[in-house]
**Student:** 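Shown below is the structure under consideration.
Computed from a predicted structure; not experimentally measured. Read the numbers this way: they start at 1 and go in the same order the structure lists the ligands and their atoms.
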Amino acid sequence: MIVERITAIQNTIQRAQKRSALAASEIVLVAACKSQPIEVLKEAIAAGVTHFGENRVQEGIGHWREIKVLYSHVILHLIGHLQRNKAAEAVALFDVIETLDSVKLIETLAQEMRKQERFLPCFIQVNTGEEPQKAGVLPKDIEVLVQACRTEGIPLVGLMCVPPADMPPAPHFSLLRKLAERYGLTQLSMGMSEDFETAIRLGATHIRIGRALFGERS
Ligand SMILES: *Cc1c(COP(=O)(O)O)cnc(C)c1O
């Protein structure tokens with residue numbers, strides 16, 4: 001049951017907050033809902049989940065286009081790679097974009113935000129493990145994107161990362177926090193089902209939880 005899983009997650013969040021001086025006082029739980037049917041999303045909403053994360057614009061539209069007006073308090077995060085040709089749809093549907101990864105994308109999004117008058121809070125996705133196949137920018141390239149956001153008037157609020165699957169995540173979370181501090185950014189989207197306790201102890205403000213909330217993906 002989703003209600004029970006949420007309680008377990010909340011207990012873990014509180015434990016992590018008690019154990020660390022770095023832990024944020026308010027943690028946003030983003031339910032990573034890839035491939036979940038709409039009934040399950042409704043169950044999560046009924047259980048009190050308000051933030052949802054989608055990996056793809058198209059799947060997000062499939063999930064939410066019809067029901068978002070019914071749940072106007074729901075806040076939708078894009079947590080997967082965004083192609084520039086989907087920028088208009090993304091700005092129309094989402095409330096937060098966590099995956100800025102190029103200056104060109106920032107320019108296209110800024111244009112759409114002005115056109116639609118929807119200035120969405122954004123995160124830059126950082127490839128902290130410098131993995132060639134992984135989305136996000138290298139740590140050394142963050143500065144250029146931060147500048148581009150400031151020039152274009154995009155509300156940049158933080159950094160996001162997905163650490164390498166086969167390595168301890170803590171050093172990646174610490175690195176993300178240091179990088180955010182360097183650029184004066186206050187929000188950190190880091191930590192998933194397996195490692196969100198560690199992420200919170202190292203300063204996460206947003207955790208993105210899939211399996212611990214919805215069960216294993218088939
Ligand atoms: C799927 C996904 C998550 C959630 O992962 P779980 O291990 O199921 O908690 C978080 N962030 C991103 C970007 C994802 O794609």
**Student:** Does Arg84 use its side chain to pair, donor to acceptor, with the backbone of Leu109 at less than 3.5 Å?
**Tutor:** no

**Student:** Test of understanding: given a 4.0 Å heavy-atom threshold, classify the contact between Ile209 and ligand 1 as side chain, backbone, both, or neither.
**Tutor:**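 Backbone only.
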
**Student:** Identify, by atom number and element, the atoms of ligand 1 in contact range of Asn55, meaning under 4.0 Å from any of its heavy atoms.
**Tutor:**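 In order of number, 14 (C), 15 (O).
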
**Student:** Which heavy atom of Glu54 sits nearest a heavy atom of Leu78, and at what distance?
**Tutor:** O-CD1, 3.3 Å

**Student:** At a non-hydrogen distance cut-off of under 4.0 Å, which region of Leu213 contacts ligand 1 (side chain, backbone, both, or neither)?
**Tutor:** neither

**Student:** Checking Trp64 against Tyr71 for the ring pair (Phe, Tyr, Trp, His ring centres under 6.0 Å) test, could you report, in this order, the C-alpha distance in whole Å, the side-chain angles of both residues, the deciding distance, and whether it holds?
**Tutor:** CA-CA 9 Å; Trp64 298 101; Tyr71 303 109; 7.3 Å; no

**Student:** Please work out whether the ring planes of His51 and His206 are parallel, tilted or perpendicular, with thresholds of 30° and 60°.
**Tutor:** perpendicular

**Student:** Would you kindly specify which portion of Ala32 sits under 4.0 Å from ligand 1, judged on non-hydrogen atoms: side chain, backbone, both or neither?
**Tutor:**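 It is the side chain that touches ligand 1; the backbone stays farther off.
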
**Student:** Given side-chain hydrogen bond (donor to acceptor under 3.5 Å, both in side chains), test Thr205 with Gln187 step by step and report yes or no.
**Tutor:** CA-CA 6 Å; Thr205 59; Gln187 305 197 17; 4.6 Å; no

**Student:** Taking all non-hydrogen atoms of both residues into account, name the closest pair between Pro163 and Phe173 and its distance.
**Tutor:**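 Closest pair (atom of Pro163, atom of Phe173, distance): CG-CE2, 3.5 Å.
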
**Student:** Closest by any non-hydrogen atom to atom 14 (C) of ligand 1: pick that one out of Met192, Lys34, Arg208.
**Tutor:**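 Answer by nearest heavy atom: Lys34.
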
**Student:** Heavy-atom distances under 4.0 Å decide this one: backbone, side chain, both or neither, for Glu194 against ligand 1?
**Tutor:** neither

**Student:** Run the numbers for me: atoms of ligand 1, each under 4.0 Å from some heavy atom of Arg211, listed by number.
**Tutor:**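 Those qualifying, in numeric order: 6 (P), 7 (O), 8 (O), 9 (O).
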
